[in-house]
Amino acid sequence: MPARRTATFSESVIREMTRVAHQYGAINLAQGFPDFPMPEPMKEAACAAIHGDVNQYAITWGSPSLRLAIAEKYRRWYDMPVDSEQEVTVTCGATEAMAATFLALVDPGDEVIVFEPFYENYGPDTILAEARPVFVPLEPPDWRLDAGRLRAAFSDRTKAIVLNTPHNPTGRVFTREEISLVAELCLTHDAWAITDEIYEHIRYAGNHHPIATWPGMRERTVTISGLSKTFSCTGWRLGYAVAPARETTAIRKVHDFLTVGAPAPLQAAGAVGMAFDAEYYNHLALEYRERRDLLCGALAEAGFTFSIPEGAYYVLADYSAMSDSDDAAFSRWLASEVGIATVPGSSFYHDRTAPRRVVRFAFCKRRETLELAAERLAEVRAKA
Ligand SMILES: Cc1ncc(COP(=O)(O)O)c(C=O)c1O
């Protein structure tokens, strides 16, 4: 019999929908990975590193060049001083950074606050750390943080709050005021902020504010981000956690025994990307805005209702004007009959049995892919 803990969470629905997309030959708007190339200079740097025999284990917590580039980036972008020797751990993606942080910081029985809907990894992370998740709902259509509910969720058992902004799946970019409230509550309740800032450069409105830059928060924040989304290289598996020295020591220990380290030649190339200037990031956001507008236009025409994302590259769309099916059945139908794979909305909620009529579309795709998707979406109403 497998261990009991594995019975309490399911396989990733998002990654399962990629398999469904293959099964039906559907356009994969389910899993958030780009179908366009990553930056050429990074590819060249990776090839050069491999040919230069950077092919053995890097230092377990990350090659010095990448850690330095990460620290320099935080100084440049957020005016946030980071000690690359003591405060940075390079991991196999933000996914591993989050899991290692949970295991390093959270004791069994501790409460961890998670906004709902949430990126599906946080649920299993909580279970693996034997923590108790406390869910704070964000409500459509504006998905704003509800101050009363958030205050009520904090208690003396709260160890941490997970703060993901820009937010997957809602597309919210939390405002300064919302983040200030989270900071205030962390300080009052002696709690940690564990952030997921993987979409920090994919924004259409608002600015990105790392909570670690708030007064008093640097000492109680683990800032997690990665290269997957910013540099369109989800398969490279490069992420990192920035935390105070004592907690970094704990995160590094867990990380070492989970994975030893992230791929050495790709870390060398990652350092090249981290040094890109503002032009790269502005261009990235601009291109994503065009993709967002294309998909949102097609979804609105097709009869879906949704709020326009302010950041990240997803649209959580309500289909109740078209169908009474539950979201799992509707997603399967969209994949098999319309040729578009999506993620059932319930996979972003802890209670997957509650009736929901939303599916998530990802728009990290080439214009041609999205145009083809738009043609297919125009047939939804007729086929439904
Ligand atoms: C909010 C969020 N965090 C983390 C990840 C995964 O990041 P990584 O590829 O760095 O593990 C994703 C991927 O979709 C995501 O949406």
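Both counts, for ligands and for their atoms, begin at 1 and track the order of listing.
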| Partner residues of Y314 under the ring-ring contact (aromatic ring centres under 6.0 Å, His included) criterion, sequence neighbours left out |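 Per chain and number, Y314 pairs via ring-ring contact (aromatic ring centres under 6.0 Å, His included) with Y199.
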| query | Short N/O distance, under 3.5 Å, between T234 and ligand 1? | reply | no
| message | With nothing but distance in play, are any N or O atoms of D196 less than 3.5 Å from an N or O of ligand 1? | response | yes
| message | Out of all atoms in ligand 1, which are within 4.0 Å of some heavy atom of N164? Include the element for each. | response |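 Contacts of ligand 1 toward N164, numbered from 1: 1 (C).
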| task | Give the numbers and elements of all ligand 1 atoms closer than 4.0 Å to a heavy atom of Y314. | result | 14 (O), 16 (O)
| message | Below a 4.0 angstrom heavy-atom separation, can you tell me which part of R237, side chain or backbone, both or neither, approaches ligand 1? | response | side chain
| task | Classify the contact between L227 and ligand 1 as side chain, backbone, both or neither, using a heavy-atom distance cut-off of under 4.0 Å. | result | neither
When you compare the side chain of [Y] with that of [X], does any pair of heavy atoms fall below 4.5 Å?
X	Y	answer
E116	L138	no
Y74	T223	yes
F118	F135	yes

| note | The reported gap from CZ in F231 to CZ in F276 (rounded to nearest 0.5 angstrom) is 6.0 Å
| Pairwise distance OG1(T158) to CH2(W192) - rounded to 0.5 angstrom |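 Answer rounded to 0.5 Å: 15.0 Å.
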| Does the cation-pi check pass for R356 over Y349, that is, NZ or CZ under 6.0 Å from the six-membered ring centre and within 45° of its axis? |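 Pair R356/Y349 counts as cation-pi.
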Distance from [atom] to nearest protein heavy atom, with residue and atom:
atom	result
atom 16 (O) of ligand 1	Y199 OH, 2.6 Å
atom 7 (O) of ligand 1	I198 CD1, 3.6 Å
atom 11 (O) of ligand 1	T95 OG1, 2.5 Å
atom 14 (O) of ligand 1	K229 NZ, 2.7 Å

| task | Pick, from A94, S225, G226, the option with the minimum heavy-atom distance to atom 10 (O) of ligand 1. | result |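 Of the listed residues, A94 has the closest heavy atom.
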| query | For atom 9 (O) of ligand 1, which of C92, S228, G93 has the closest heavy atom? | reply | S228
| query | What class does the angle between the rings of F330 and Y319 fall in, given that below 30° is parallel, 30 to 60° is tilted and above 60° is perpendicular? | reply | parallel
